[in-house]
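Heavy atoms only: backbone and side chains are in, while hydrogens, waters and symmetry mates are out. All chains are named by letter (A, B, ...) in the order of the sequence lines, taking the proteins before the strands, and each is independently numbered beginning at 1. From a predicted model like this one, the values you see are computed outputs, not experimental measurements.
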Amino acid sequence: MGVQGLLPFVSSASTEVSLEDYRGQTLACDASVWLHRGAISCARELAEGEPAVGFLRFPLRMIALLKRHGVRPLIVFDGGAMPMKARVDAARAADRESAKARGEFNKTVKITAAMTQQLIERLRQDGVEFVVAPFEADSQLAFLVQHGHAAAALTEDSDLLAYRCPSVLFKLSESGHARRITFAGLQHAQDSKGQLLFDGAWEGEWAAWEGGLFVAMCIMAGCDYLPSVPGVGVATAHKALRAGRTVERALAKLHSKRSGPPAPVAAEAYLLRALGL
DNA sequence: CGCTAGGGATACTC
DNA sequence: ACTCGTCCCTAGCG
């Protein structure tokens with residue numbers, strides 16, 4: 001899920017925070033992760049089509065955790081499926097089928113609209129606010145924070161950074177602590193040698209990353225919408241973009257060093273289009 | 001030596 | 001008929 005390896009790559013820009021820091025404020029919460037983890041507790045029942053409500057326990061406990069710290073939860077649900085992700089969705093469905101055949105029910109877990117409806121009913125009863133995103137929750141979460149409807153997004157999905165969400169909370173623990181990464185804070189992210197990743201190599205470098213290079217790095221490293229370039233991860237994409245300073249030159253650099261199967265040129269066309277270039 | 005990608009173990013109850 | 005896993009470790013690549 002998300003961009004593989006992105007969070008470790010920028011982990012130096014993360015800080016430990018407590019839910020207490022958000023007392024009296026709103027957090028936009030990604031419901032899908034909570035539902036997925038909750039569904040593990042009744043994976044077999046769900047796989048066999050038996051009635052089950054155990055999957056509600058985990059998300060409700062997380063909401064209670066937020067309330068205990070005086071935080072106002074705004075739960076965000078996924079909406080419609082993205083046509084561009086049809087290929088990935090089909091592959092995941094096939095994986096679930098084979099897992100079911102092997103009896104590995106934990107890997108067959110899929111959150112259905114009916115399950116989402118059950119949680120929504122509980123939220124209505126409990127007076128917990130929620131919204132259903134038009135498509136994926138990711139971009140809706142980023143929107144809510146960007147427009148001041150929430151102080152931060154609470155999720156496990158690194159895509160929130162690709163969507164330039166101003167403030168994201170990852171890895172919330174039962175103790176109420178989490179790792180926070182702000183988009184502006186990425187300016188100070190550094191590698192293992194203490195060198196800045198997105199600033200200082202040339203005049204106005206951070207503005208370039210902020211303006212589009214960071215999103216390009218995420219896409220080049222592999223996303224759910226496009227076939228990825230084999231052998232290119234976050235680090236390689238970062239190096240190419242920093243050396244080339246533009247998406248076009250970075251892609252050219254990757255080409256010159258590549259060997260093996262031909263590069264998916266269609267992916268590059270989509271990339272440039274997605275970036276408005 | 002850094003990096004990518006894949007395999008294995010693992011998730012959930014309060 | 002219905003919606004996304006992730007961490008750790010390492011082989012094997014450049």
salt_bridge(A/Arg180, A/Glu16) N-O dist < 4.0 Å: no
Taking side chain to side chain donor-acceptor pair (under 3.5 Å) as the definition, give me every residue that meets it alongside A/Ser192, ordered by chain and number, with sequence neighbours left out. none
Check each residue of residues 236-246 of chain A for a non-hydrogen atom within less than 4.0 Å of any atom in DNA chain B, then write out the ones that pass by number, or none. A/Thr236, A/Lys239
Once you apply a heavy-atom cut-off of 4.0 Å, does A/Lys171 come out as touching a base, just sugar-phosphate, or nothing? sugar-phosphate
For A/Glu210 and A/Phe183, the nearest pair of non-hydrogen atoms, with its separation, is CG-CE2, 3.8 Å
Could you tell me whether the phosphate oxygens of C/dG5, OP1 or OP2, come under 4.0 Å of any side-chain nitrogen or oxygen in A/Arg92? yes
Answer yes if the side chains of A/Thr155 and A/Asp157 hold a donor-acceptor pair under 3.5 Å, and no otherwise. no
On DNA chain C, compare the nucleotides closest to A/Leu35 and A/Leu7; which residue's is nearer the 5' end? A/Leu35
Side-chain heavy-atom pair A/Pro51, A/Glu45 within 4.5 angstrom cut-off: no
At 4.0 Å (heavy atoms only), tell me whether A/Arg44 reaches a base, stays on the sugar-phosphate, or touches nothing. nothing
Who are the side chain to side chain contact (heavy atoms under 4.5 Å, CB included) partners of A/Glu97, not counting sequence neighbours? none
Suppose you measure atom C1' in B/dC14 against the same atom in C/dG5; what distance do you get, rounded to whole Å? 24 Å
Anything under 3.5 Å between a protein N or O and an N or O of nucleotides 9-13 of chain C, put it in a table, one pair a line.
none

Taken to the nearest whole Å, CD1/A/Ile120 to P/C/dT3 is 13 Å
What's A/Val234 touching, base or sugar-phosphate or nothing? Going by heavy atoms closer than 4.0 Å. sugar-phosphate
Atom-pair distance (CG on A/Leu46; C1' on C/dC2), nearest Å: 12 Å
Interatomic distance where CD1 belongs to A/Ile111 and C1' belongs to C/dG5 [whole Å]: 11 Å
Quick one: A/Gln118 CD to C/dT3 C1', roughly how many Å, whole number? 15 Å
For A/Asp157, report the nucleic acid contact type (base, sugar-phosphate, nothing); a contact means any heavy atom under 4.0 Å. base
Which heavy atom of A/Thr246 sits nearest a heavy atom of A/Leu241, and at what distance? O-CD2, 4.1 Å
When rounded to the nearest 0.5 angstrom, what distance separates CD in A/Glu136 from CG in A/Leu141? 10.5 Å
Taking only the C1' atom of each, what is the distance from C/dT6 to B/dT10 in whole angstrom? 9 Å
With side-chain contact (heavy atoms from CB on, under 4.5 Å) as the criterion, how do A/Glu48 and A/Arg44 come out once you've worked through the C-alpha distance, each side chain's angles and the decisive distance to 0.1 Å? CA-CA 6 Å; A/Glu48 306 285 1; A/Arg44 189 196 59 80; 3.9 Å; yes
Suppose the criterion is ring pair (Phe, Tyr, Trp, His ring centres under 6.0 Å): which pairs have a residue in residues 97-135 of chain A, not counting sequence neighbours? none
Classify A/Ala81 by what it touches in the nucleic acid, base, sugar-phosphate, or nothing, heavy-atom distance under 4.0 Å. nothing
By nearest-nucleotide position on DNA chain B, the 5'-leaning member of A/Arg37 and A/Phe9 is A/Phe9
Both A/Arg61 and A/Ser192 contact DNA chain B. Which one's nearest nucleotide lies toward the 5' end? A/Ser192
Nt span of DNA chain B in reach of chain A heavy atoms at under 4.0 Å, 5' end first, is B/dC3 to B/dC14
Name the nucleic acid region contacted by A/Lys107, choosing base, sugar-phosphate or nothing; use a 4.0 angstrom heavy-atom cut-off, strictly under. base
What is the distance from CG of A/Asp30 to C1' of C/dG5, rounded to the nearest Å? 12 Å
Report the distance from atom CG of A/Asp138 to atom P of C/dG5, rounded to the nearest whole Å. 12 Å
Centroid-centroid under 6.0 Å between A/Tyr163 and A/Phe143 rings: no
Rounded to whole Å, the CG-P distance (A/Asp159 to C/dT3) equals 19 Å
Would you indicate whether the side-chain heavy atoms of A/Arg72 and A/Tyr22 approach each other to under 4.5 Å? no
Between atom SG of A/Cys218 and atom NE2 of A/His238, what is the distance when rounded to the nearest 0.5 Å? 11.5 Å
